[in-house]
Amino acid sequence: MWSGLRIAGDAFKITILKPQKAYGTRWLPHHERAITAVLRDYPALVQHLGEVSVNGSTQATKESAQKLTKALKNIRFVAFLHFMDEYLTLMSSLSRVFQSNDSTVDCVKSRVESISSRLSQLASSEVLKKLMHTGMIHIDDEVVQYKGVSLEAGRRGRGERHTPTVDSLIQQAVDDCLSICIGTQDQLRDRFSSFLVNKVLNAATVFEYRNWPENEDLETYGDSEVKEVYLHFKKRLDKDGNMKETIMQWLEIKKYIRRQYGKKYVKFHDMWSKAMKEDEPEGRFKLIFRIVRLIMVIPIHTAECERGFSLMGNI
């Protein structure tokens with residue numbers, strides 16, 4: 001199958017992306033790459049499956065290829081494929097955030113907000129129709145081609161009085177995708193509500209260096225947020241200091257780190273780990289570093305644990 005697909009790709013002058021095994025995995029980037037491979041290699045896939053449906057080695061192989069060819073040439077399927085390409089790109093980007101050991105509260109919050117914003121844009125019939133028509137050429141009212149392949153409307157379904165048209169099939173796909181966009185937004189709000197509305201987690205984002213202003217606003221930047229975190233952990237933090245001293249150290253540590261890095265981007269954990277190590281002999285910033293340590297141990301993901309379980313399978 002794979003060698004035949006490469007031959008078909010050569011005929012269409014396409015460098016074939018090897019199809020990903022998308023089923024049986026929760027890893028969204030696998031699904032994303034599978035969709036990308038189908039869209040990119042579409043004409044070669046249709047050509048190859050058409051040949052297999054006639055010249056396959058067994059009857060089962062022929063029947064399987066026929067079903068796949070029929071699905072690939074369905075107008076509604078191709079339209080939905082374009083939506084899934086956009087949708088999985090968004091959701092995969094969120095998945096990758098939770099797979100990175102460098103992810104922070106700010107990373108998750110900003111990524112969820114940007115994805116929610118994009119889903120709000122997609123939750124429009126006009127936007128979805130334009131997306132789903134990508135690459136489609138309307139020959140006439142009944143014939144549509146995609147990358148040189150004539151698409152099919154399919155048979156009339158049970159309970160339907162009329163044979164489906166191009167517009168009706170696109171509208172069905174649009175309705176399905178609207179439900180997906182709205183449902184996903186609801187799930188994101190439920191799943192990540194703490195990152196979006198929790199005052200302490202929102203306050204934690206001021207410790208992300210890339211959020212710091214570059215002008216004189218840096219002097220007062222984050223004061224109210226540091227106070228918010230301090231009050232949340234007040235019972236523990238009051239044992240070795242007080243809020244006024246902590247806020248003073250917050251001002252000083254901002255100036256110290258700005259002199260160290262300037263406009264250079266530095267990873268959250270690397271920056272604070274280095275700063276704390278350098279301060280160990282003197283203990284100049286020990287109060288504000290107590291808050292930093294609390295922020296650093298907020299559990300963002302369980303990726304490291306999951307990798308450990310995966311490695312156990314190799315034993």
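In this structure, Ser114 contributes its side chain and Arg111 its backbone to a donor-acceptor pair below 3.5 Å. A donor-acceptor pair under 3.5 Å links the side-chain atoms of Lys147 to the main chain of Leu39, judged by distance alone. The closest donor-acceptor contact from the side chain of Thr69 to the backbone of Ala65 lies under 3.5 Å. When atom types are taken as modelled, the side chain of Thr134 and the backbone of Leu131 share a donor-acceptor pair closer than 3.5 angstrom. With hydrogens and angles disregarded, a donor-acceptor distance shorter than 3.5 Å links the side chain of Asn202 to the backbone of Leu196.
Contact annotation: the side chain of Thr104 approaches that of His269 to within less than 4.5 Å [non-hydrogen atoms, C-beta and beyond]. Between His232 and Lys199 the shortest side-chain heavy-atom distance does not fall below 4.5 Å. Taking the side chain as every heavy atom from C-beta outward, Val46 and Lys73 approach each other to under 4.5 Å. Looking at Phe195 and Thr205, their side chains never come closer than 4.5 Å, going by heavy atoms from C-beta outward. With a 4.5 Å cut-off on side-chain heavy atoms, Thr184 and Leu90 do not count as touching. The shortest side-chain heavy-atom distance between Ser53 and Leu49 does not fall under the 4.5 Å cut-off. Looking at Ile253 and Arg284, their side chains never come closer than 4.5 Å, going by heavy atoms from C-beta outward. Taking the side chain as every heavy atom from C-beta outward, Arg33 and Ser92 never approach each other to under 4.5 Å.
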Exercise. Decide side-chain contact (heavy atoms from CB on, under 4.5 Å) for Phe268 and Met296; before the verdict, give the C-alpha distance in whole Å, the side-chain angles of both, and the deciding distance to 0.1 Å.
Key: CA-CA 9 Å; Phe268 175 85; Met296 292 179 75; 3.7 Å; yes

Quiz item: Passes side chain to side chain donor-acceptor pair (under 3.5 Å), Gln171 versus Asp175? Steps please.
Solution: CA-CA 6 Å; Gln171 187 58 53; Asp175 292 340; 3.0 Å; yes

Quiz item: Between Glu152 and Asn74, does a side-chain contact (heavy atoms from CB on, under 4.5 Å) hold up when you go through it step by step?
Solution: CA-CA 5 Å; Glu152 301 171 353; Asn74 184 275; 5.9 Å; no

Exercise. Check step by step if side-chain contact (heavy atoms from CB on, under 4.5 Å) holds for Phe207 and Asp106.
Key: CA-CA 9 Å; Phe207 291 90; Asp106 184 65; over 6 Å; no

Quiz item: After noting the C-alpha distance and the side-chain angles of Gln99 and Arg96, does the key distance pass the side chain to side chain donor-acceptor pair (under 3.5 Å) rule?
Solution: CA-CA 5 Å; Gln99 293 295 320; Arg96 289 188 180 96; over 6 Å; no

Self-check item: Worked verdict on Met84 versus His31 for side-chain contact (heavy atoms from CB on, under 4.5 Å)
Solution: CA-CA 9 Å; Met84 288 303 295; His31 296 273; over 6 Å; no

Exercise. Show your reasoning for whether side chain to side chain donor-acceptor pair (under 3.5 Å) applies to Gln249 and Glu245.
Key: CA-CA 6 Å; Gln249 289 187 14; Glu245 290 181 83; 5.5 Å; no

Practice problem: Quick one: do Tyr209 and Gln260 satisfy side chain to side chain donor-acceptor pair (under 3.5 Å)? Show the steps, please. | Solution: CA-CA 12 Å; Tyr209 184 61; Gln260 289 277 85; over 6 Å; no

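Between atom SG of residue Cys177 and atom CG of residue Leu119 there is a gap of 11.5 Å, rounded to the nearest 0.5 Å. Summarising the geometry, atom CD1 belonging to Ile257 is positioned 10.5 Å from atom NZ belonging to Lys274; distances are rounded to the nearest 0.5 Å. In this structure, Arg40 CZ and Ile35 CD1 are separated by 15.5 Å, a value rounded to the nearest 0.5 Å. Atom-to-atom distance recorded for Leu188:CG and Met91:CE is 5.0 Å, nearest 0.5 angstrom. To the nearest 0.5 Å, atoms CZ (Phe80) and CZ (Arg76) are separated by 8.5 Å. Between the CZ atom in Phe77 and the NE2 atom in His82 there is a gap of 11.0 Å [rounded to 0.5 Å].
The 12-atom threshold is not exceeded at CD of Glu219, counting heavy atoms of other residues, nucleotides or ligands nearer than 6.0 Å. More than 12 non-hydrogen atoms from other residues, nucleotides or ligands lie less than 6.0 angstrom from CZ of Arg258.
Hydrophobic clustering keeps Val97 apart from Tyr265 (ILVMFWY residues linked when any side-chain heavy atoms are closer than 4.5 Å, directly or through intermediates). Hydrophobic clustering of Ile, Leu, Val, Met, Phe, Trp and Tyr side chains at less than 4.5 Å, counting indirect connections, unites Val229 with Ile298. Hydrophobic clustering, with ILVMFWY side chains joined whenever heavy atoms are under 4.5 angstrom apart, keeps Ile115 apart from Ile182. By the criterion of side-chain heavy atoms lying less than 4.5 angstrom apart, applied directly or through intervening Ile, Leu, Val, Met, Phe, Trp or Tyr residues, Tyr261 is not grouped with Leu251; the two fall into different hydrophobic clusters. Grouping the Ile, Leu, Val, Met, Phe, Trp and Tyr side chains by contacts below 4.5 angstrom, directly or via other members, places Leu287 apart from Phe285.
In this structure, Tyr146 and Tyr42 have perpendicular ring planes: the angle between them is above 60°, well past the 30° mark.
Here ring pair (Phe, Tyr, Trp, His ring centres under 6.0 Å) pairs that include residues 87-108, with residues two or more places apart or in two chains, are Phe83-Tyr87, Phe98-Phe192. Contacts classified as salt bridge (Lys or Arg N to Asp or Glu O under 4.0 Å) and involving residues 182-192 (residues at least two apart or in different chains) are given here: Asp186-Arg189.
Of the candidates Leu294, Ile288, Asp238, Asp238 is the only one forming a side chain to side chain contact (heavy atoms under 4.5 Å, CB included) with Tyr230. With Val38 as the partner, the side chain to side chain contact (heavy atoms under 4.5 Å, CB included) test is satisfied by one option alone out of Val78, Leu72, Asp85: Leu72.
Across every non-hydrogen atom of Ile170 and His133, the tightest pair is CG2-CE1, 3.9 Å. Here the shortest heavy-atom pairing between Asp223 and Ile247 reads O-CD1, 3.7 Å. Contact between Lys62 and Gly56 at its shortest, heavy atoms only, is CE-O, 3.2 Å. The minimum heavy-atom distance between Ser120 and Gln185, with the atom names listed, is OG-NE2, 2.6 Å. Between Tyr221 and Val206, the closest heavy-atom pair is OH-CA, 3.5 Å. Here the closest heavy-atom approach between residue Val105 and residue Leu201 is recorded as CG1-O, 3.3 Å.
Ionic pairing of Glu113 and Lys109 is present here: one or more N-O contacts between side-chain nitrogen and carboxylate oxygen are shorter than 4.0 angstrom.
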